[in-house]
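Here's the structure, in structure tokens; my notes come after.
Given the structure is predicted, the values throughout are model-derived calculations rather than measurements.
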Amino acid sequence: MRVAVWEVANRLGVVAGTPAELFSVLLAGPRRTVRLPLPPDHALVRALRPLGHLDLVLDEPPQLPGPPPAGSVDLGDPAAVCAADPARVTRAYEADPDPRGGLRPAWLRAGQSLLRDQDPADRALVLLAALDEGADPRTAAALTRGAAGSPWTLARSSRRPCTALTAAPDGRPVVREDRVLAVACLPDGTQAALDERGRLRLPGGRAGRLADAVAATLASHPATALAAAGDSVLTGDRMGTVHAFSLTGLEQAALHSGRVTALTATATAPATATAPAAATATATASGAAPSPAPAALTVYSGGTDGTVRAWRPGRPPGRSALARRPCPVVALHAAGPYLAVAWADGLAELRRPDTGATALFRPGPRIRAVAATADGTLVVGLDDAVLHLACRACRPRR
């Protein structure tokens with residue numbers, strides 16, 4: 001049953017680890033047609049048929065697969081399970097409750113990713129990231145050796161829940177465990193959150209004139225996404241529009257068809273030479289310091305339309321998408337030259353928009369949030385873990 005659930009979820013572009021999770025995802029989505037390599041009497045087919053909004057097209061397998069011999073794969077050998085057929089490994093682990101040094105629970109946690117066609121090194125990395133903290137250290141060491149050919153290095157992981165991620169002004173990842181849609185650090189370092197109703201929540205209830213104005217706006221026009229950078233606060237709405245609030249005014253751009261699901265932004269301080277010479281001279285002569293020009297923003301947004309777009313407030317939005325996939329964007333975060341993207345089908349990406357380089361990672365469970373650091377680390381927040389992955393492929397050349 002697990003193999004069938006993971007296969008169906010992969011084909012539909014969703015994440016589900018159990019039949020119940022798959023049913024919930026399908027019931028929440030639009031009517032779909034899906035082709036399954038399952039016989040009509042398969043237990044998963046019988047369970048899915050009552051969902052009237054789902055059309056099943058069944059491809060009878062040439063042979064009904066039976067459970068593999070228990071001894072066909074050494075279930076305690078990390079190298080062996082990473083190189084073996086993942087469906088056979090899954091069935092063998094289902095039939096044998098021995099934890100095998102932590103390999104079995106890690107495999108069953110990350111199985112939807114492991115079922116995909118990939119190199120043994122990539123499977124080793126996924127398994128390493130899925131290990132419980134109480135796993136045999138020898139298992140972790142063997143998986144670390146096996147993952148040497150992956151584009152990632154697992155820097156560290158912790159078993160803790162995560163609902164949202166951002167970065168503090170010093171670049172340190174900020175993890176939220178409570179029920180919020182998004183979190184952002186305001187220009188003064190205040191940590192603001194977007195609650196499940198789309199309202200802005202501030203520590204102590206107030207955090208300056210700009211934050212108070214945004215909070216008042218969202219009280220009557222709830223947001224679906226939140227970010228902050230420079231001297232601006234960004235929000236997205238269910239109609240696909242991104243709003244950039246600052247003390248100098250409000251700018252808006254319709255970037256998506258459908259709800260905005262994720263926002264992030266970077267700010268570049270303007271060069272002092274850009275100030276008009278006459279204005280600078282007048283200010284100096286009068287004894288008053290010239291007013292600093294606002295930071296230049298680059299805003300990245302993601303939506304249910306499966307696109308990631310870049311926009312600079314003050315300019316018209318570009319027509320082309322930075323990324324496009326057939327599933328919604330879950331989360332975004334930018335730092336330095338890096339952009340972290342999470343998708344609803346369980347894929348995390350670390351991108352370099354300046355070079356086009358991209359590194360991919362699928363942990364297996366659904367991704368709640370992502371963050372990037374300026375040194376090329378991808379932070380992935382799951383329901384029960386926070387993973388820190390250093391990217392070998394995306395780092396700048398020295």
Side-chain angles (χ1 to χ4, degrees), residues 28-30 163-166 176 178-187 190-202 207-267 297-334 339-344 367-370:
T163 57
L165 284 169
T166 189
R176 289 291 290 257
D178 52 335
R179 296 173 69 88
V180 296
L181 294 178
V183 62
C185 286
L186 302 182
T190 300
Q191 192 179 123
L194 194 67
D195 68 17
E196 291 183 303
R197 296 186 300 165
R199 315 290 176 82
L200 192 67
R201 293 291 174 254
L202 302 166
R209 190 154 56 98
L210 176 60
D212 291 343
V214 174
T217 300
L218 299 190
S220 55
H221 298 86
T224 58
L226 174 72
D231 56 358
S232 298
V233 175
L234 296 309
T235 66
D237 64 27
R238 61 186 179 85
M239 303 302 293
T241 300
V242 174
H243 312 263
F245 296 85
S246 71
L247 291 176
T248 59
L250 169 66
E251 294 192 54
Q252 303 175 92
L255 300 179
H256 299 274
S257 57
R259 182 165 54 96
V260 178
T261 54
L263 280 175
T264 187
T266 59
L297 286 185
T298 299
V299 180
Y300 299 98
S301 62
T304 54
D305 59 1
T307 65
V308 176
R309 297 187 179 275
W311 170 53
R312 291 186 177 180
R315 302 184 186 181
R319 294 184 177 182
S320 60
L322 184 65
R324 185 187 300 273
R325 299 188 66 243
C327 63
V329 178
V330 171
L332 294 170
H333 185 259
L339 175 66
V341 187
W343 302 86
I367 300 173
R368 287 287 195 176
V370 287

Between the main-chain N or O of [Y] and the side-chain N or O of [X], is there a donor-acceptor pair closer than 3.5 Å?
X: T163; Y: R179; answer: no
X: D305; Y: G258; answer: no
X: T264; Y: A334; answer: yes
X: S246; Y: S232; answer: no
X: T298; Y: T266; answer: no
X: E251; Y: A244; answer: no

Around atom CZ of R201, are there more than 12 heavy atoms of other residues, nucleotides or ligands at under 6.0 Å? yes
Under 6.0 Å from the CZ atom of R238, do we count more than 12 heavy atoms belonging to anything else shown?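 For R238, atom CZ is not crowded (no more than 12 foreign heavy atoms under 6.0 Å).
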Does some side-chain heavy atom of [Y] sit less than 4.5 Å from a side-chain heavy atom of [X]?
X: V341; Y: L322; result: no
X: T217; Y: T235; result: no
X: L250; Y: H243; result: yes
X: R197; Y: P222; result: no

Can you tell me how far apart NE2 (H333) and CG (L263) are? Round to the nearest 0.5 Å.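 CG of L263 is found 12.0 Å from NE2 of H333.
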Would you give the length of the straight line joining atom CZ of R368 to atom CG of L165, rounded to the nearest 0.5 angstrom? 12.0 Å
For [X] and [Y], which heavy atoms make the closest approach, and how far apart are they?
X: L255; Y: P317; value: CD2-CB, 3.4 Å
X: T261; Y: A225; value: C-CB, 4.0 Å
X: L200; Y: A211; value: CD2-O, 3.7 Å
X: L218; Y: A223; value: CD2-CB, 3.8 Å
X: A323; Y: W343; value: CB-CZ2, 4.1 Å
X: L181; Y: E196; value: CG-CA, 3.9 Å

Taking atom types as modelled, is there a side-chain donor on H221 or D237 under 3.5 Å from an acceptor on the other? no
Between T304 and H256, a side-chain donor and acceptor under 3.5 Å: no
Using the side chain to side chain contact (heavy atoms under 4.5 Å, CB included) rule, pick out the option among D231, L210, L202, V214 that qualifies with L186.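 Single side chain to side chain contact (heavy atoms under 4.5 Å, CB included) partner of L186 among D231, L210, L202, V214: L202.
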